[in-house]
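Shown next, in structure tokens, is the structure this report addresses.
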Protein chains: 4
Amino acid sequence: MQERSRVTVDALLEATARILVKEGFDQASTNRIAELAGVSVGSLYQYFPSKEALVAALIDRHNEEVMQAVRGELADAVALPLAQGVRKLVTVAVEAHRIDPKLHRVLTEQIPPLGRLENRENFNRQNYALFATYLERHRDEIRVADLGLAAFVCVTTIEALTHTAVLHQKIDSDDAIEALINETTRLVVGYLIPQSS
Amino acid sequence: MQERSRVTVDALLEATARILVKEGFDQASTNRIAELAGVSVGSLYQYFPSKEALVAALIDRHNEEVMQAVRGELADAVALPLAQGVRKLVTVAVEAHRIDPKLHRVLTEQIPPLGRLENRENFNRQNYALFATYLERHRDEIRVADLGLAAFVCVTTIEALTHTAVLHQKIDSDDAIEALINETTRLVVGYLIPQSS
Amino acid sequence: MQERSRVTVDALLEATARILVKEGFDQASTNRIAELAGVSVGSLYQYFPSKEALVAALIDRHNEEVMQAVRGELADAVALPLAQGVRKLVTVAVEAHRIDPKLHRVLTEQIPPLGRLENRENFNRQNYALFATYLERHRDEIRVADLGLAAFVCVTTIEALTHTAVLHQKIDSDDAIEALINETTRLVVGYLIPQSS
Amino acid sequence: MQERSRVTVDALLEATARILVKEGFDQASTNRIAELAGVSVGSLYQYFPSKEALVAALIDRHNEEVMQAVRGELADAVALPLAQGVRKLVTVAVEAHRIDPKLHRVLTEQIPPLGRLENRENFNRQNYALFATYLERHRDEIRVADLGLAAFVCVTTIEALTHTAVLHQKIDSDDAIEALINETTRLVVGYLIPQSS
DNA sequence: AATGAATGAGTTTTCATTCAT
DNA sequence: TATGAATGAAAACTCATTCAT
């Protein structure tokens, strides 16, 4: 029955996430994962051909969750004028990072590359390209020589600030979030639209 | 003889760095490290109580190297007016990241935390504090409400941009470096000193 | 319904044979066998109490096929005079080995003994006894001291030559078969009836 | 120290041989082998990169033992006239098979191929070639059309008879050995030199 | 101090078999 | 009866660490 399968797979992914967060990648042995999931190791290997595949599936699931939460808002942002658009993007980035931030951290910081490395760079390249397109649309408002470079600067900055703030508990109240969004927006918008006299 | 000790320790650290960079943390077994260093595993354990301690020593050595290269320039920067000071800081950050960037990457991305995590956060906190002090000195030129938050924003931004640029080969020529420094400086200075009329 | 049973059993045996030949004993897991047979593992265990029993059944089926092809001709052989009888036996042996030789090879070379070993020896003993009886009938033409020993020599020799020739591609044309039969016959007959002056 | 290593390696090979003989290839797990050898699994893998390599080394050792026992006598045989030469060869073959016959059996019957298969065929091809050369030297005494085919027939026959006799306890006394050698020699010589008028 | 052989707990993975549906 | 998800003992193999020499 398919229901039974799904329950098992979910339990395995959930257990993997939990152990990864609590004990780090090194302690996450397949036997421990299976045990915590309440199934046998055999079942783990029935659904995932290797430990690597299991972790990859978890990454995919996490990315999917993030994307789902973000996709709609991202579309909105693109339609807004620059200053509001950037604020929206920053807000979305914060939201994205607040979905299971500890898991996000382990997944980005501790998983050994293999095929992953390529993926992460691709992911970033996509972000750069997306943002570059957005900038293109507002080219006349912007004062930067190299749009590609500007996209790199903005994306990297937003990502770093939201990531670091969320993970290192810089954010512990709605006010703190608000402040972070304000500052980040001002930083990026000030860079894109120098308001010099 | 102390000389012999130092040679052995250096060889071990060097071997560790080389294997870490070439093959990643997973392949870096103590036996392989000792072999590449030209000593026996026994000797490795004569000088380092555990693998973790060995890696920690390597991190320390790398940090020391970076600090040594940077300390003087950092002192200079503090004495400069804001715009030039920030440019100096960014330049120094780029330089720092160009010291064995591959090792830097492995050390920051692949080493499992353990006691390390604390250290890294401490390291960052130090940077924040340092920069906050610097901002304090230029408080009257600056238009930010929360100096601590501003320090966090600036340090995180500079760190992220230089780190990412170096590691992802955004930097492959002197012109590219120049451009990155320009943009980063403009980003940060524009944030600290909004030139709005 | 008994029909359905037979179809399932046949499919299982066929699948076992195919996997055994294509991938060797080690790769022949019961799950793979069931899948190739188009039934569930559960069904496999409905008809065979264990993997061993399944393989045993396959061996029996193969032996049965060989016997069926051979029984008639064997009876003929016994009625013939010695020289022609031996030639007939050799011919029959070649034929027997040409029934799915790859399966024969796997079955004789790769299957771990267990209860099988006994069987194989029994099988051989039967052959010895049969041939000894045949020799008995032609005792006066034969110049050997120990009929039992002679039977062992002849049976082993014929078996080895036909087996090896078929498996190691010594036989790839009708001429080659003819030649092999000639030589083997001459070898055995020359041994049984020394034509010394 | 090299002495310590050799002792360990020998113990491992010896344990492998014993388990292989007593319990068959399937029961011969590396942990059981190490245990019986009185060393840890780790030591096993210090000297042999895989279970396969361990078994390969055992095969090599066995072959070496056999070869050492046989090499000298083989050289003698080549110098003898045909009838005596063949007898010598058969005697040597029996001797060879009496060196740890049970191990020989497991090694030839139960070890899954992999790289081995090729080796075994090569080994046989060498024997054929060697014997063909020997026959060449006595060409004028021999009455066979195809020397290569004759070599195949003789080598296969001698090998099969001695192998089977030794393994299936056809040989349990010096008289039995004598008888087997006599019969085999007569079989082969009769084939090579038909003494028909 | 140095060596490197030895250790053994722990890891990933497989597969014959069972049993709830 | 048939299904196939689930089981779990056991296999091959790794590697940080120890210790006799």
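Proteins get letters first, then strands, A, B, ... in listed order; numbering begins at 1 in each.
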Check your understanding: Quick one: do the T8(D) and Y47(D) side chains pair a donor with an acceptor below 3.5 Å?
Key -> no
Revision key, fill the gap. Numerically ordered, the residues 12-19 of chain A set in heavy-atom contact under 4.0 Å with DNA chain F is none
Check your understanding: Using a cut-off of less than 4.0 Å, is there contact between a side-chain N or O of S40(C) and OP1 or OP2 of dG4(F)?
Key -> no
Point to revise | N/O (side chain, Q46(C)) to phosphate O (OP1/OP2, dA2(F)) under 4.0 Å | key: yes
Length of the line joining [X]:[atom1] and [N]:[atom2], which is rounded to integer Å:
X: F48(C); N: dT18(E); atom1: CZ; atom2: P; value: 16 Å
X: R6(A); N: dA6(F); atom1: CZ; atom2: P; value: 13 Å
X: L54(C); N: dC15(E); atom1: CG; atom2: C1'; value: 14 Å
X: E35(D); N: dA11(F); atom1: CD; atom2: C1'; value: 14 Å
X: R4(A); N: dT7(F); atom1: CZ; atom2: C1'; value: 11 Å
X: L44(C); N: dC15(E); atom1: CG; atom2: P; value: 15 Å

Can you measure from [atom1] ([X]) to [atom2] ([Y]) and round to the nearest 0.5 angstrom?
X: L13(C); Y: L58(C); atom1: CG; atom2: CG; value: 6.0 Å
X: E14(A); Y: I19(A); atom1: CD; atom2: CD1; value: 11.5 Å
X: K102(A); Y: L107(A); atom1: NZ; atom2: CG; value: 15.0 Å

Practice item. Quick one: label Y47(D) by what it contacts on the DNA or RNA (base, sugar-phosphate, nothing), any heavy atom closer than 4.0 Å. Key: sugar-phosphate
Might you point out which heavy atoms bring [X] and [Y] nearest each other, and give the distance in Å?
X: A34(B); Y: L12(B); result: CA-CD2, 4.2 Å
X: L167(A); Y: P101(A); result: CD2-O, 3.2 Å
X: F25(D); Y: L20(D); result: CA-CD1, 3.9 Å

Revision key, fill the gap. Walking DNA chain E from its 5' end, the first of V39(B) and T8(D) to be reached, judged by nearest nucleotide, is V39(B)
**Study point:** Sequence-aligned protein contact record of nucleotides 12-17 of chain F, with B where the base is within under 4.0 Å of a protein heavy atom and S where only the sugar-phosphate is
**Key:** BBBBBB
**Study point:** Those residues that, when tested against R18(B), pass salt bridge (charged side-chain N to carboxylate O under 4.0 Å, His left out) (two or more places apart)
**Key:** none
Point to revise | Which residues share a side chain to side chain contact (heavy atoms under 4.5 Å, CB included) with S43(C), sequence neighbours left out | key: V39(C), S40(C)
**Study point:** Mutual orientation of the aromatic rings belonging to H62(A) and H104(A) [parallel < 30°, tilted 30-60°, perpendicular > 60°]
**Key:** tilted
**Study point:** Dot-bracket encoding of pairs in DNA chain F, which uses [ ] for pseudoknotted crossings and | for another strand, Watson-Crick or G-U under 3.5 angstrom
**Key:** .||||||||||||||||||||
Check your understanding: Tell me, which pairs form a side chain to side chain donor-acceptor pair (under 3.5 Å) where one or both residues lie in residues 24-35 of chain B, sequence neighbours left out?
Key -> E23(B)-R32(B)
